[in-house]
Amino acid sequence: MSEHHQKLETQLAKVLRETSSLLSKGEKEEVKGYMKNGEYSVALETLIDMLSETGKPLSASILNLLTDLAEAAELGADACRPLRKLG
C-alpha cells in the first residue's frame with residue numbers, strides 16, 4: 001500500500017469512528033468494505049452521502065477533515081458541499 005493510500009485509510013477510519021453514532025451498523029460495514037478493497041474514493045463518497053442523508057450537522061473539525069480527504073482523493077472540495085449545508 002502506498003503512503004498516500006495509507007494516509008487516506010487512516011483518515012477515513014478516524015472520520016468513520018467519530019461519526020459512527022450517526023450511522024447504522026450496515027452503513028459502517030459498507031464503508032469499511034470499500035476501504036478493505038482499497039476503494040478509498042468510493043468509501044469517502046459513500047460516507048459523505050450517508051452523513052448527508054442523516055440531516056445532522058457535523059463539527060467543523062469533521063467537515064474540514066472530510067474536505068481534506070475529498071481533495072486528497074481527487075474528488076474536490078465540492079464533494080462535501082451537501083454536508084456544509086447542514087451546518
Can you check whether K14 reaches L65 side chain to side chain, under 4.5 Å on heavy atoms?
-> yes
Which atom of E30 lies closest to which atom of M50, heavy atoms considered = OE1-CE, 3.2 Å
Side chain to side chain contact (heavy atoms under 4.5 Å, CB included) evaluation trace for L51 with L23 | CA-CA 8 Å; L51 292 171; L23 305 171; 4.0 Å; yes
Please name the pair of heavy atoms, one in L63 and one in L58, separated by the smallest distance, quoted to 0.1 Å.
-> CD1-O, 3.9 Å
Under 3.5 Å donor-acceptor, H5 side chain and E39 backbone = no
Non-hydrogen side-chain atoms of E71 and L75 separated by less than 4.5 Å | no
Distance col, row Y40:OH vs K7:NZ, nearest 0.5 angstrom, shows 14.5 Å
T19 side chain to L22 backbone, donor-acceptor under 3.5 Å | no
Hphob cluster co-occupancy, L12 + L16, side-chain heavy atoms under 4.5 angstrom | yes
With side chains defined as the heavy atoms from C-beta onward, is the minimum distance between R81 and R84 less than 4.5 Å?
-> no
For the atom pair NZ (K85) and SG (C80), what is the distance rounded to the nearest 0.5 Å?
-> 12.5 Å
Steps toward side chain to side chain contact (heavy atoms under 4.5 Å, CB included) verdict (N64, S61) = CA-CA 5 Å; N64 290 336; S61 63; 5.6 Å; no
Is there a side chain to side chain contact (heavy atoms under 4.5 Å, CB included) between E74 and S41 once you walk through the steps?
-> CA-CA 8 Å; E74 299 180 359; S41 294; over 6 Å; no
Check: T10 side chain, Q6 main-chain N or O, donor-acceptor pair, under 3.5 Å = yes
Taking the side chain as C-beta and beyond, is there a heavy-atom pair between L8 and L44 under 4.5 Å?
-> no
Rounded to the nearest 0.5 Å, how far apart are CG of D49 and OG1 of T54?
-> 11.5 Å
With side chain to side chain contact (heavy atoms under 4.5 Å, CB included) as the test, would you mind laying out the steps for T46 and V42 before giving the verdict?
-> CA-CA 6 Å; T46 302; V42 176; 4.0 Å; yes
Pairwise distance NZ(K32) to NZ(K25) - rounded to 0.5 angstrom | 9.0 Å
Exam field: side chain S20 to backbone R17, donor-acceptor pair closer than 3.5 Å | yes
